Participant: 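Below is the structure I would like to discuss, written out as structure tokens.
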Amino acid sequence: MDDDQPTISVMMPCCNNARYIEAAVSSVLSQQIDVPLELLIVDDASSDDSVDQIQAIDDPRIRLIQNETNRGIARVRNQLLDAASGHFLTSLDGDDVYVDACKLAREWELLQNAPEPQRTIVYSDVRWIDGDGQTMLRASAIAPSMEGILYQAILDRRVMIPRDFLLSAELARGVGGFDATLPIYEDWDYKLRLAQKAVFRYTGRVGIGYRRHGSGLSAAAAPLHQKCQAIIRKKHAGEGFDGDPMRLLKLAGRLHGILTRNRLRSRKAA
């Protein structure tokens, strides 16, 4: 490997994440890993002071790209893929956080010990957190973690969907990038294409805090969810586990019920 080139690039999209961006950046820069690291941030024309907060952090590992106009999340993710310098890539959205300082080191060790690192994706468990960083639930409590060939399980949504995983840059760029025609679920579509070419390894540890604060793209109206789900299922030649295009919305309803019960328990405990 070129000594001047980082081993791992963490790709971070940011758009009006001023409330959370400092914590997101800090969680990357504090990772305890002994390989060269790059934090590549693309700010998608934020109207808040996200950029000022990023520029106030004095660390040479940060590389910031600023879009003059808003390009949308799929195009920003493609920008990050194109611009990342690392031999291996991972990600973290600007409103999320790594909750374990050894998250990258654990994934790196598993990846390096894999029989075929160039065809392997390593992922960690995900903790859902609210806007204040309080734990809501663990992703593995909703759907099980799995290892191996996961294409059908990811299509069926019967596995914990990996996010912010570690993989080679060659693999990450080899499946065509993110579909910019999809306003939401562009990441699910991308992961399905990766899953056709790779095997998955799981660290067994929580690594990511995935923030659910009610203002993200996942808060889009139900008809848009249905439309994008149907497009992706058709694109991947099947309706999935039970042939029901409403299955994901039913799952979302179950998750909402679980989150509501957790909040009620927390209020009573307080």
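Model, not experiment: these values are computed from the prediction.
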Participant: With ILVMFWY side chains joined below 4.5 Å, transitively, what does Tyr20's cluster contain besides itself?
Facilitator: none

Participant: Any sub-3.5 Å donor-acceptor pair from Thr203's side-chain atoms to Arg106's backbone N or O?
Facilitator: no

Participant: Can you get from Met160 to Leu194 by hopping between Ile, Leu, Val, Met, Phe, Trp and Tyr side chains that sit under 4.5 Å apart?
Facilitator: yes

Participant: List for me each residue that meets side-chain contact (heavy atoms from CB on, under 4.5 Å) alongside Ala153, sequence neighbours excluded, and say none if there are none.
Facilitator: Met146, Arg158, Val159

Participant: Does some side-chain heavy atom of Pro13 sit less than 4.5 Å from a side-chain heavy atom of Leu80?
Facilitator: yes

Participant: Do Ile65 and Met11 share a hydrophobic cluster (ILVMFWY, side-chain heavy atoms under 4.5 Å, transitive)?
Facilitator: yes

Participant: Please answer whether the main-chain N or O of Phe178 pairs with a side-chain N or O of Asn78 as donor and acceptor at a distance below 3.5 Å.
Facilitator: yes

Participant: Mind checking whether His236 and Ile232 have side chains closer than 4.5 Å, heavy atoms only?
Facilitator: yes

Participant: Name the residue from Asp189, Asp187, Asp93 that meets the salt bridge (Lys or Arg N to Asp or Glu O under 4.0 Å) definition with Arg77.
Facilitator: Asp93

Participant: For Arg61 versus Leu29, what's the shortest heavy-atom pair and its separation?
Facilitator: NH2-O, 3.1 Å

Participant: Mark yes or no for whether Tyr190, through its side chain, and Ala172, through its backbone, hold a donor-acceptor pair below 3.5 Å.
Facilitator: yes

Participant: Can you give me the closest heavy-atom contact between Cys102 and Gln32, atom names plus distance?
Facilitator: SG-OE1, 3.9 Å

Participant: Do Leu182 and Leu224 share a hydrophobic cluster, counting only Ile, Leu, Val, Met, Phe, Trp and Tyr and linking them when any side-chain heavy atoms are less than 4.5 Å apart?
Facilitator: yes

Participant: Looking only at non-hydrogen atoms, find the nearest pair between Leu155 and Arg233 and report the distance.
Facilitator: O-NH1, 3.3 Å

Participant: Hey, which of Arg19, Arg211, Arg212 is the one that makes salt bridge (Lys or Arg N to Asp or Glu O under 4.0 Å) with Asp132?
Facilitator: Arg19

Participant: Got Lys103 and Ile33 here, is their nearest side-chain heavy-atom distance under 4.5 Å?
Facilitator: no

Participant: Tell me the closest heavy-atom pair linking Ser85 and Ser9, and the distance in Å.
Facilitator: N-OG, 3.4 Å

Participant: Do Arg63 and Leu39 have side chains that get closer than 4.5 Å, going by heavy atoms?
Facilitator: no

Participant: Without hydrogens or angle criteria, can the side chains of Asp44 and Gln79 be said to hold a donor-acceptor pair below 3.5 Å?
Facilitator: no

Participant: How many angstroms lie between atom CD1 of Ile129 and atom CG of Leu137, to the nearest 0.5 angstrom?
Facilitator: 11.5 Å

Participant: Consider only side-chain heavy atoms of I, L, V, M, F, W and Y, link residues closer than 4.5 Å, and tell whether Ile161 and Tyr123 are in one cluster.
Facilitator: yes

Participant: Is there side-chain contact between Val35 and Pro6, with heavy atoms separated by less than 4.5 Å?
Facilitator: no

Participant: Is a donor on one side and an acceptor on the other found under 3.5 Å between the side chain of Ser50 and the backbone of Ser46?
Facilitator: no

Participant: For residues Asn16 and Ser47, is any side-chain donor paired with an opposing acceptor at under 3.5 Å?
Facilitator: yes

Participant: Between the side chain of Arg138 and the main-chain N/O of Trp128, is any donor-acceptor distance below 3.5 Å?
Facilitator: no

Participant: Keeping the roles fixed (side chain from Thr120, backbone from Glu116), state whether a donor-acceptor pair exists under 3.5 Å.
Facilitator: yes

Participant: Looking only at non-hydrogen atoms, find the nearest pair between Arg163 and Val126 and report the distance.
Facilitator: CG-CG2, 3.6 Å

Participant: Could you grab the distance from atom OG of Ser124 to atom CZ of Arg201, nearest 0.5 Å is fine?
Facilitator: 12.0 Å

Participant: Could you tell me whether the side chain of Ser27 and the main chain of Val97 form a donor-acceptor pair under 3.5 Å?
Facilitator: no

Participant: Can you tell me how far the CG atom of Leu104 sits from the CG atom of Asp34, to the nearest 0.5 Å?
Facilitator: 11.5 Å

Participant: Output the distance between atom CH2 (Trp108) and atom CD (Gln31), rounded to the nearest 0.5 Å.
Facilitator: 14.0 Å

Participant: Within the structure provided, determine whether Ile62 and Val25 are in side-chain contact (heavy-atom separation under 4.5 Å).
Facilitator: yes

Participant: Are a donor atom and an acceptor atom from the side chains of Ser91 and Asp164 found within less than 3.5 Å of each other?
Facilitator: yes

Participant: Could you tell me if the side chain of Leu37 sits less than 4.5 Å from the side chain of Thr7, heavy atoms only?
Facilitator: no

Participant: Determine, using the 4.5 Å side-chain heavy-atom cutoff (strictly less than), whether Ile184 and Leu192 are members of one ILVMFWY cluster.
Facilitator: yes

Participant: Just wondering, do Gln112 and Phe88 contact through their side chains at under 4.5 Å, heavy atoms?
Facilitator: yes

Participant: I'd like to know if the side chain of Asp49 reaches the main chain of Asp52, judged simply by a donor and an acceptor atom lying under 3.5 Å from each other, with no hydrogens or angles considered.
Facilitator: no

Participant: Within the distance-only criterion (no hydrogens, no angle test), does the side chain of Glu186 pair as donor or acceptor with the backbone N or O of Asp179 below 3.5 angstrom?
Facilitator: no

Participant: Closest approach of Ile73 and Pro183, non-hydrogen atoms and distance?
Facilitator: CG2-O, 4.3 Å

